[in-house]
Amino acid sequence: MSGRPSAPRGTHDVLPPETRRREHLIDTARAVFEMYAYEAIVTPTFEETEVFVRGVGTSTDIVRKEMYSFTDQGGRELTLRPEGTASVARAFVQHGMHKLQLPVKLWYLAPMFRQEAPQKGRFREHYQLGIEVLGSDSPLVDIEVIAVLADLYERLRVPKLGLRISSMGDPDSRAAHREALIPHLERNAGRLTEEARGRITENPLRLFDSKDQSVQSVMAEAPPLGDYLSADARAHYGAVLLGLDKLAIAYETDSTLVRGMDYYTKTVFEFTCGNLGAQSAIGGGGRYDGLVEQLGGPPTPGIGFGTGVERLMLALEGVGENRPSGLRCYVAILDDDLRVELLPLIGGLRSAGISVETDLRGRGLKAMMKHAASRGAEQAVIIGRRDYDDGVATVRDMRSGDQQQVPLDQLAEVLA
RNA sequence: GUGAACGUAGCUCAGUGGUAGAGCUCCGGCUUGUGGUGCCGGCGGUCGCGGGUUCGAAUCCCGUCGUUCACCCCA
């Protein structure tokens, strides 16, 4: 920074009228969440670092190199929330929410912070809309969670939508798979990149997602996780897919789908938008049946998703709707002395529920009419000395241009 | 974090070594009380920032910050 300060790297301001598009998106999401009977939850912007280390997992890029961590004046190790699920799980444990009627169904809108290299659609601070369902291991919940997100995207009319889904299995499935996968990788270590070799024991599943051709050829011959699913995990996965079919939600199963948090079990899924380039994932999530216990709570299954507000905004460029400004009426006062005299009149219109804009700069009538038009006012109320002395105002319909004289004391009724 | 491209008015961009430009936006006038089209005028720039080369730098060189693209990762 030198001279004029600017927003920090990877952050950005959202200005009107862009904020109207954003609010339409958020309003729509809230409406959908309420339709499925979710309740809002708010958690702190920062947590004890331990929440994310234990929750998200030490093998993840998020915990290893992307967290905004700091020590406060009391020597506490804190971290700006890099994702939403761990915080919600922590709150669930802290407040004994397992004693509530289960499952608990929650939604949130919150900023997330990750120190990554910024790119289009990837920011160091971004907002996520998300839901979490805690306390039921039924595949019905998996189906509902995916349906909520699909419903939201449909209402927003997200173009070129894709859904990939997979099952990570339960811990037993993963352990059995690991025993077969690691020897395969070690036998073929010569064909792996150095980076890939480093992950063999750390998080070998990640390699299924590699874009390196040589690594891919090794993974193509590797034992797929799907072959090692336990009977329970397999049945669960089948039930979820059946439910999606029943709801006519299109999906593609993809056993190479690997997500960035260690807590995922069984169902994982990711929605993509085809016109977003490299950052095509607009929302994703999965089941995390061990997370609550990991954070010191009773064994409690859970599942949720997060979807990125900024990426949705990009995906909806050109097709998204704005929230209407709601401005109904522009009051144009021609005589300077009347500007103060008529403040109660304007106040009265607003009390009557009419959105009113008026000139705050001392513009001339022509400029005020232009202002009224550009702000989208439906009607203009013009009051000059002549009108005021007669106790009337001129009301102009901005669409048709029709004008009529209205007594000042009837203005609210006529405009309403 | 690595590699590459780009950074000129609020916005979109032109200008590639010789006095900083256009369109749009905004403000005002033509119309002394009437918008969305027209005409005229005006406001607005440390050419991202710092250093260097040069008689002279928006232009060439170095550094730095930011954006974008790819890798990586993810929303």
Side-chain angles (χ1 to χ4, degrees), chain A residues 1-12 15 18 56 60-66 82-85 109-130 149 153 158 193 195-196 199 203 206 209-212 215 257-261 268-273 276-285 304-315 330 332-335 338 361-388 393-403:
Chain A
M1 190 228 330
S2 68
R4 331 259 169 275
S6 59
R9 180 169 164 81
T11 69
H12 64 286
L15 311 175
E18 190 73 355
V56 178
T60 62
D61 280 8
I62 289 178
V63 168
R64 295 218 305 223
K65 51 189 189 191
E66 295 176 0
E83 61 95 51
T85 303
L109 166 64
M112 308 295 166
F113 305 84
R114 293 180 208 167
Q115 203 159 163
E116 303 181 84
Q119 225 170 295
K120 184 173 191 175
R122 193 169 71 194
F123 306 99
R124 291 188 167 184
E125 177 184 21
H126 77 279
Y127 281 74
Q128 274 185 38
L129 284 156
L149 195 49
Y153 293 154
V158 176
T193 61
E195 198 186 355
R199 283 186 167 148
N203 195 348
R206 283 240 86 89
D209 208 23
S210 173
K211 281 171 191 161
D212 183 271
V215 176
L257 176 62
V258 177
R259 295 187 48 79
M261 273 62 96
V268 290
F269 59 95
E270 188 170 286
F271 281 88
T272 55
C273 171
L276 247 51
Q279 275 65 242
S280 63
I282 54 172
F305 69 68
T307 183
V309 171
E310 289 78 6
R311 281 193 192 171
L312 274 173
M313 294 285 286
L314 287 168
Y330 190 98
I333 297 164
L334 304 177
D335 187 297
L338 290 179
R361 294 190 52 184
R363 278 180 256 242
L365 178 59
K366 186 185 171 75
M368 286 193 278
M369 293 305 289
K370 204 171 171 182
H371 188 200
S374 70
R375 291 301 310 273
E378 292 167 21
Q379 311 195 272
V381 174
I382 301 160
I383 307 172
R385 193 86 237 171
R386 293 202 307 251
D387 308 289
Y388 185 68
T394 301
V395 176
R396 178 183 178 88
D397 183 302
M398 294 298 284
R399 260 206 132 85
S400 64
D402 296 341
Q403 300 196 168

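Computed from heavy atoms alone, side chains included, the values below leave out hydrogens, waters and symmetry copies. Quick note on labels: first sequence line is chain A, next is B, and so on, each numbered from 1.
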[N]: pairing nucleotide in any strand, Watson-Crick or G-U under 3.5 angstrom:
N     : answer
B:A14 : none
B:C49 : B:G63
B:G41 : B:C27
B:A9  : none
B:U19 : none
B:C71 : B:G1

So, applying side chain to side chain contact (heavy atoms under 4.5 Å, CB included) with A:Arg385, which one of A:Leu338, A:Ile333, A:Leu334 is it?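 For A:Arg385, the side chain to side chain contact (heavy atoms under 4.5 Å, CB included) test succeeds with only one of A:Leu338, A:Ile333, A:Leu334, which is A:Leu338.
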Heavy-atom donor-acceptor pair, A:Arg363 side-chain to B:C27 base, under 3.5 Å: no
Can you name the atoms? Protein N/O to nucleotides 32-34 of chain B N/O, anything below 3.5 Å, with the distance.
{"from": "B:G33", "atom 1": "N7", "to": "A:Arg386", "atom 2": "NH1", "distance (Å)": "3.2"}
{"from": "B:G33", "atom 1": "O6", "to": "A:Arg386", "atom 2": "NE", "distance (Å)": "2.9"}
{"from": "B:G33", "atom 1": "N1", "to": "A:Asp387", "atom 2": "OD2", "distance (Å)": "2.7"}
{"from": "B:G33", "atom 1": "N2", "to": "A:Asp387", "atom 2": "OD2", "distance (Å)": "3.4"}
{"from": "B:U34", "atom 1": "O2", "to": "A:Arg396", "atom 2": "NH1", "distance (Å)": "3.3"}
{"from": "B:U34", "atom 1": "O2", "to": "A:Gln403", "atom 2": "OE1", "distance (Å)": "2.9"}
{"from": "B:U34", "atom 1": "N3", "to": "A:Gln403", "atom 2": "OE1", "distance (Å)": "2.8"}
{"from": "B:U34", "atom 1": "N3", "to": "A:Gln403", "atom 2": "NE2", "distance (Å)": "3.3"}
{"from": "B:U34", "atom 1": "O4", "to": "A:Gln403", "atom 2": "NE2", "distance (Å)": "3.2"}

Rounded to the nearest 0.5 Å, what separation is found between the [atom1] atom of [X] and the [atom2] atom of [Y]?
X        : Y        : atom1 : atom2 : value
A:Arg363 : A:Met369 : CZ    : CE    : 13.0 Å
A:Arg311 : A:Ile282 : CZ    : CD1   : 9.5 Å
A:Met368 : A:Tyr330 : CE    : OH    : 6.0 Å
A:Asp387 : A:Thr394 : CG    : OG1   : 4.5 Å
A:Arg124 : A:Arg122 : CZ    : CZ    : 9.5 Å
A:Gln128 : A:Leu312 : CD    : CG    : 10.5 Å

Please give the distance between the [atom1] atoms of [N] and [M] as a whole number of Å.
N     : M     : atom1 : value
B:A4  : B:A14 : C1'   : 25 Å
B:C30 : B:U68 : P     : 46 Å
B:C49 : B:U8  : P     : 10 Å
B:G21 : B:G63 : P     : 32 Å
B:U37 : B:C26 : P     : 10 Å
B:G36 : B:U25 : P     : 11 Å
B:U53 : B:C60 : C1'   : 8 Å
B:G51 : B:G44 : C1'   : 29 Å

Select base, sugar-phosphate, or nothing to describe what [X] touches, counting heavy atoms under 4.0 Å on all strands.
X        : value
A:Arg375 : nothing
A:Ala377 : nothing
A:Met112 : nothing
A:Met313 : nothing

Protein and nucleotides 66-70 of chain B: nitrogen or oxygen contacts under 3.5 angstrom:
{"from": "B:U67", "atom 1": "OP1", "to": "A:Gly10", "atom 2": "N", "distance (Å)": "2.8"}
{"from": "B:U67", "atom 1": "OP2", "to": "A:Arg9", "atom 2": "NH1", "distance (Å)": "3.0"}
{"from": "B:C69", "atom 1": "OP2", "to": "A:Lys120", "atom 2": "N", "distance (Å)": "2.6"}
{"from": "B:A70", "atom 1": "OP2", "to": "A:Gln119", "atom 2": "NE2", "distance (Å)": "3.0"}

Can you measure [X] atom [atom1] to [N] atom [atom2] for me and round it to whole angstrom units?
X        : N     : atom1 : atom2 : result
A:Asp61  : B:A75 : CG    : C1'   : 15 Å
A:Lys370 : B:G28 : NZ    : P     : 8 Å
A:Glu66  : B:C74 : CD    : C1'   : 8 Å
A:Leu129 : B:A75 : CG    : P     : 14 Å
A:Phe269 : B:A75 : CZ    : P     : 11 Å
A:Arg399 : B:G36 : CZ    : P     : 16 Å

I want to confirm an ordering. Mapping A:Met398 and A:Phe271 to their closest nucleotides on RNA chain B, which one lands closer to the 5' end? A:Met398
Phosphate-side-chain proximity, A:Arg206 and B:C74, N/O vs OP1/OP2 below 4.0 Å: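 Yes, within the criterion.
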Donor-acceptor pairs under 3.5 Å, side chain of residues 110-118 of chain A to any protein atom, not counting sequence neighbours: which ones?
{"from": "A:Arg114", "atom 1": "NE", "to": "A:Pro82", "atom 2": "O", "distance (Å)": "2.7"}
{"from": "A:Arg114", "atom 1": "NH2", "to": "A:Pro82", "atom 2": "O", "distance (Å)": "3.1"}

Kindly confirm whether the side-chain ring of A:His126 is stacked on the base of B:A75, judged by centres under 5.5 Å and planes under 30°. yes
Do [X] and [Y] have side chains that get closer than 4.5 Å, going by heavy atoms?
X        : Y        : value
A:Val158 : A:Phe271 : no
A:Leu257 : A:Glu270 : yes
A:Met313 : A:Glu18  : yes

Once the angle between the rings of A:His12 and A:Phe123 is folded into 0 to 90°, is it parallel (under 30°), tilted (30 to 60°) or perpendicular (over 60°)?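 Geometry flag for A:Phe123 against A:His12: tilted rings.
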